Amino acid sequence: MKLEGGINSNVYLVEDSINRKVVKIYNSKDAKDRKERLNRETYYISEAKKAKLENIPSLLKVDLHNNYIELEYIDGRRPECMTLDIVKE
């Protein structure tokens, strides 16, 4: 199921009888831009995990050749705007 949002990527919820995960496909026409976006996002997620921030999905798979990542699904809602209080959650 395609999820809303994703200005620079297409985001899908993929689920079977046991698991749920998110697949994010970077869709820029520029191959260099796709790779940079994917690398920046995976770097941010890795650094957030190292900093022990909560509610950060785990990276399940990174596919640089096909420009996508698979992430752990975290139940929640998308904030309407980003605030420091939301970040601290």
Side-chain angles (χ1 to χ4, degrees):
M1 167 177 56
K2 187 170 184 189
L3 302 176
E4 290 184 33
I7 295 169
N8 300 306
S9 59
N10 293 318
V11 184
Y12 300 91
L13 174 62
V14 178
E15 52 190 328
D16 59 26
S17 60
I18 301 170
N19 298 309
R20 292 173 124 185
K21 64 183 173 184
V22 172
V23 175
K24 190 167 189 179
I25 304 169
Y26 296 84
N27 57 13
S28 172
K29 292 180 182 179
D30 181 336
K32 183 179 176 187
D33 182 58
R34 282 192 308 263
K35 184 171 279 194
E36 286 175 4
R37 289 179 188 279
L38 189 150
N39 284 331
R40 277 194 304 266
E41 183 148 10
T42 56
Y43 174 79
Y44 170 78
I45 291 169
S46 297
E47 291 300 306
K49 287 286 193 183
K50 285 181 198 173
K52 299 193 185 315
L53 296 178
E54 296 181 21
N55 298 321
I56 303 297
S58 296
L59 281 167
L60 304 174
K61 182 176 183 178
V62 177
D63 187 328
L64 295 173
H65 180 73
N66 293 304
N67 305 305
Y68 75 89
I69 58 175
E70 292 180 7
L71 302 157
E72 165 192 28
Y73 175 81
I74 298 177
D75 197 24
R77 62 177 174 76
R78 183 182 188 139
E80 292 183 25
C81 65
M82 192 57 65
T83 66
L84 187 55
D85 290 335
I86 291 172
V87 172
K88 289 180 179 178
E89 282 182 21

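No experiment lies behind these values; they were computed from the predicted model shown.
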Of all heavy-atom pairs between [X] and [Y], which one has the smallest distance, and what is that distance?
X     : Y     : answer
Ile74 : Pro57 : CD1-N, 3.4 Å
Ile69 : Leu59 : CD1-CD2, 4.2 Å
Asn39 : Leu64 : OD1-CD2, 3.6 Å
Tyr68 : Tyr26 : CA-CD1, 4.4 Å

Legend entry - side chain to side chain contact (heavy atoms under 4.5 Å, CB included) between Leu71 and Leu60, intermediate numbers included: CA-CA 5 Å; Leu71 302 157; Leu60 304 174; 5.7 Å; no
Inset, instruction - Mind running side chain to side chain contact (heavy atoms under 4.5 Å, CB included) on Asn27 and Arg34 for me, showing each step along the way? - result: CA-CA 7 Å; Asn27 57 13; Arg34 282 192 308 263; 5.9 Å; no
Just by modelled atom types, is the [Y] backbone N or O under 3.5 Å from a matching donor or acceptor in the [X] side chain?
X     : Y     : value
Lys49 : Ile56 : yes
Glu72 : Ser58 : yes
Asp16 : Ile18 : yes

Inset, instruction - State plainly whether one hydrophobic cluster holds both Val62 and Val14, where clusters connect Ile, Leu, Val, Met, Phe, Trp and Tyr through side-chain heavy atoms under 4.5 angstrom apart. - result: no
Inset, instruction - Verify the distance criterion only: is there a donor paired with an acceptor across the side chains of Asn10 and Lys2 at less than 3.5 Å? - result: yes
Legend entry - Distance (rounded to the nearest 0.5 Å) between Lys61 NZ and Glu70 CD: 5.5 Å
Legend entry - Euclidean distance, Arg40 CZ relative to Lys35 NZ, rounded to 0.5 Å: 13.5 Å
Legend entry - Check against side chain to side chain contact (heavy atoms under 4.5 Å, CB included), Tyr73 and Asn19: CA-CA 9 Å; Tyr73 175 81; Asn19 298 309; over 6 Å; no
Inset, instruction - For the pair Asp63 and Asn66, evaluate side chain to side chain contact (heavy atoms under 4.5 Å, CB included) and give the outcome as yes or no after the intermediate values. - result: CA-CA 6 Å; Asp63 187 328; Asn66 293 304; 3.1 Å; yes
